[in-house]
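Notes for the one structure printed next.
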Number of protein chains: 2
Amino acid sequence: MTVLQLRIHENLYIKDPQSSTLGKKIVAEAIKQIDLLGFEAFTFRKLSLAIHSTEASIYRYFENKHRLLIYLITWYWSWLEYRIQLVTQNLPEPTDRLKAVLKEITNRHQQDDSFPDIDENALNRIVIAESDKTYRIKQVDQYNEDGLFRGYKSLCSYLARLISEINPSYKYPHALASTVLEASTQQLFFAEHLPSLSEVSQSKDPYVSNYNFLQELIFQTIDTSA
Amino acid sequence: MTVLQLRIHENLYIKDPQSSTLGKKIVAEAIKQIDLLGFEAFTFRKLSLAIHSTEASIYRYFENKHRLLIYLITWYWSWLEYRIQLVTQNLPEPTDRLKAVLKEITNRHQQDDSFPDIDENALNRIVIAESDKTYRIKQVDQYNEDGLFRGYKSLCSYLARLISEINPSYKYPHALASTVLEASTQQLFFAEHLPSLSEVSQSKDPYVSNYNFLQELIFQTIDTSA
DNA sequence: GTACGTTGATAGTAATACTATCATAAATCA
DNA sequence: TGATTTATGATAGTATTACTATCAACGTAC
């Protein structure tokens, strides 16, 4: 299988971690540790010890641990968009495309051999647990200006365009798209940790149940027959 | 106007801040500072300086700043539920009740004279900016066991019951309730900081636009005519 | 073979999130 | 009134974090 690389916005790193062995080790181990410890308890010191490197070296790749998190989450959204393109290529009907997109978004992902350095499954868990932390910060406006959220915004506007294609008169395609995207991870988080907030928790396969919930939500909302 | 008090889960504080002058000052100033600085930059040291007290004294009320945040956000959800009860009292039709509830949830709140110590407007901004931080933590399961999220869960299940009343066959009342509750603050956050993620940002009054978006979302989703 | 770029080693700093101890003033109770 | 809790303040101290700075060593490229 061909090994691929995703282009990640250059403001997210100081030195491209995909360009060196150490960079790849930093990213791979960061995914492991954030998944395991949670973002708060994760530190560059722990990371440096695990890969037998130093804090100073890691700082040469990432300005701080928060930018590293945004880098990882952005990588995930970009990867999702790439997979969505693959999956929707041969679907002429926008309705089918939307369903396929939702399937992909709510999928419990396995290792993607096109990107051998990244553990997509662990990254998926990180997205579920930590993705909000990318933008729920005081500096959100500055970060946004610097283009750090383009990965997420790109995916969201793709979804919004698809919604508009199906129902051009629907007034809130972007709001619906962002709501569904957010809910897609939120409901899984609730299912695991605050089960009384979502029926998804009672299902044998929460991922499938999540898909059903969101599919109904989106199609009912933009349904023109009403 | 009668001055009221909300009962907040006792695990959220060490000593009830509503029981003393210092306690009230801590809460009032914390709201000001978190609103102004954001939760990350907010510290007990800054807070203690502002109210001419000491860190040690604040620690006698709250175990740490995170629990103080949960206390504030819980206060807000409980207050919302209290207001919702007022507003829905005389509405026999569940459809009218749901609309009134949504109006209340999406309202840009003003000072409530029944609670003179709390700046509801600032607290509303804190909820929009920081509410996720209450539960997006590694200790979420322990916190949940300790009952720290009952305020939010109570509001969510109220909404879910209302949804079920309108459409008893709808399969995801809690998931829809939590999605709408989350979206109600999220969309306002996006409108202000990441406007391309929501049409709500383009409206003259984002609060009204947010209401319209959510109202349509919820009623279309549980509509039985389809 | 030299120059440059990458990494490692080490040290240091300001701030944070606490914990502990003791003194003092005020409120409570007998 | 006097004794005793109780609440707060004052002060000090600690481990950890999130960096920044400097210099040495190593390998590669020209």
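In what follows, chains are A, B, ... by sequence order, proteins preceding strands, each numbered from 1.
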Plane angle bin for [Y] and [X] - parallel if under 30°, tilted between 30 and 60°, otherwise perpendicular:
X	Y	result
B/Tyr71	B/Phe62	perpendicular
B/Tyr143	B/His66	tilted
B/Trp79	B/His109	perpendicular

Worksheet item: Is there a side-chain hydrogen bond (donor to acceptor under 3.5 Å, both in side chains) between B/Glu199 and B/Ser209 once you walk through the steps?
Response: CA-CA 8 Å; B/Glu199 287 77 14; B/Ser209 176; over 6 Å; no
Worksheet item: Just checking, any donor-acceptor pair under 3.5 angstrom between side chains of B/Asn124 and B/Glu120?
Response: no
Fill in: Modelled atom types, side-chain donor and acceptor of A/Gln186 and B/Thr179, under 3.5 Å
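Judged by distance alone, the side chains do not pair up.
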Side-chain atoms of residues 48-56 of chain B: list all donor-acceptor pairs with protein atoms under 3.5 Å, sequence neighbours left out, distances to 0.1 Å.
residue	atom	partner	partner atom	Å
B/Ser48	OG	B/Phe44	O	3.4
B/Ser48	OG	B/Arg45	O	2.8
B/Thr54	OG1	B/Ser57	N	3.2
B/Thr54	OG1	B/Ser57	OG	3.0

Worksheet item: Does A/Arg125 have any side chain to side chain contact (heavy atoms under 4.5 Å, CB included) partners at least two apart in sequence or in another chain, and if so, which?
Response: A/Asp35, A/Asn121, A/Ala122
Which whole-number value in Å describes the distance from [X] [atom1] to [N] [atom2]?
X	N	atom1	atom2	value
B/Leu47	D/dG9	CG	P	12 Å
A/Leu49	C/dA9	CG	P	11 Å
A/Tyr61	C/dG8	OH	P	9 Å

Discussion item. Looking at A/Glu40 and A/Lys133, is any side-chain nitrogen of the basic one under 4.0 Å from a carboxylate oxygen of the acidic one?
Written reply: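 Yes, charged N to carboxylate O under 4.0 Å.
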Discussion item. I want to check one thing: is the phosphate of D/dT8, taken as OP1 and OP2, less than 4.0 Å away from some side-chain N or O of B/Ser53?
Written reply: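 Checking B/Ser53 against D/dT8: no side-chain N or O falls below 4.0 Å of OP1 or OP2.
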Fill in: C/dG8 OP1/OP2 closer than 4.0 Å to side-chain N/O of A/Ser57
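Yes, such a contact exists.
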Item to complete: For each nucleotide in nucleotides 11-26 of chain D, reading 5' to 3', give B when a protein heavy atom comes within less than 4.0 Å of its base, S when such contact involves only the sugar-phosphate, and - otherwise.
Response: ------SSBBBB----
Fill in: Non-neighbouring partners of A/Ser20 that pass side-chain hydrogen bond (donor to acceptor under 3.5 Å, both in side chains), sequence neighbours left out
A/Tyr61
Item to complete: Could you check whether A/Phe62 gets within reach of a base, just the sugar-phosphate, or nothing at all, counting any heavy atom under 4.0 Å?
Response: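 Since no nucleic acid heavy atom lies under 4.0 Å of A/Phe62, the category is nothing.
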Worksheet item: Hey, can you pull the residues of residues 131-142 of chain A with a non-hydrogen atom under 4.0 angstrom from DNA chain C?
Response: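 Those residues whose heavy atoms fall under 4.0 Å from DNA chain C, taken from residues 131-142 of chain A, amount to none.
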Practice prompt. May I ask you to list the residues of residues 12-30 of chain A, by number, that have any heavy atom positioned under 4.0 Å from an atom of DNA chain D?
Written response: none
Worksheet entry | Nearest heavy atoms of B/Gly151 and B/Thr74, plus distance in Å | CA-CG2, 4.2 Å
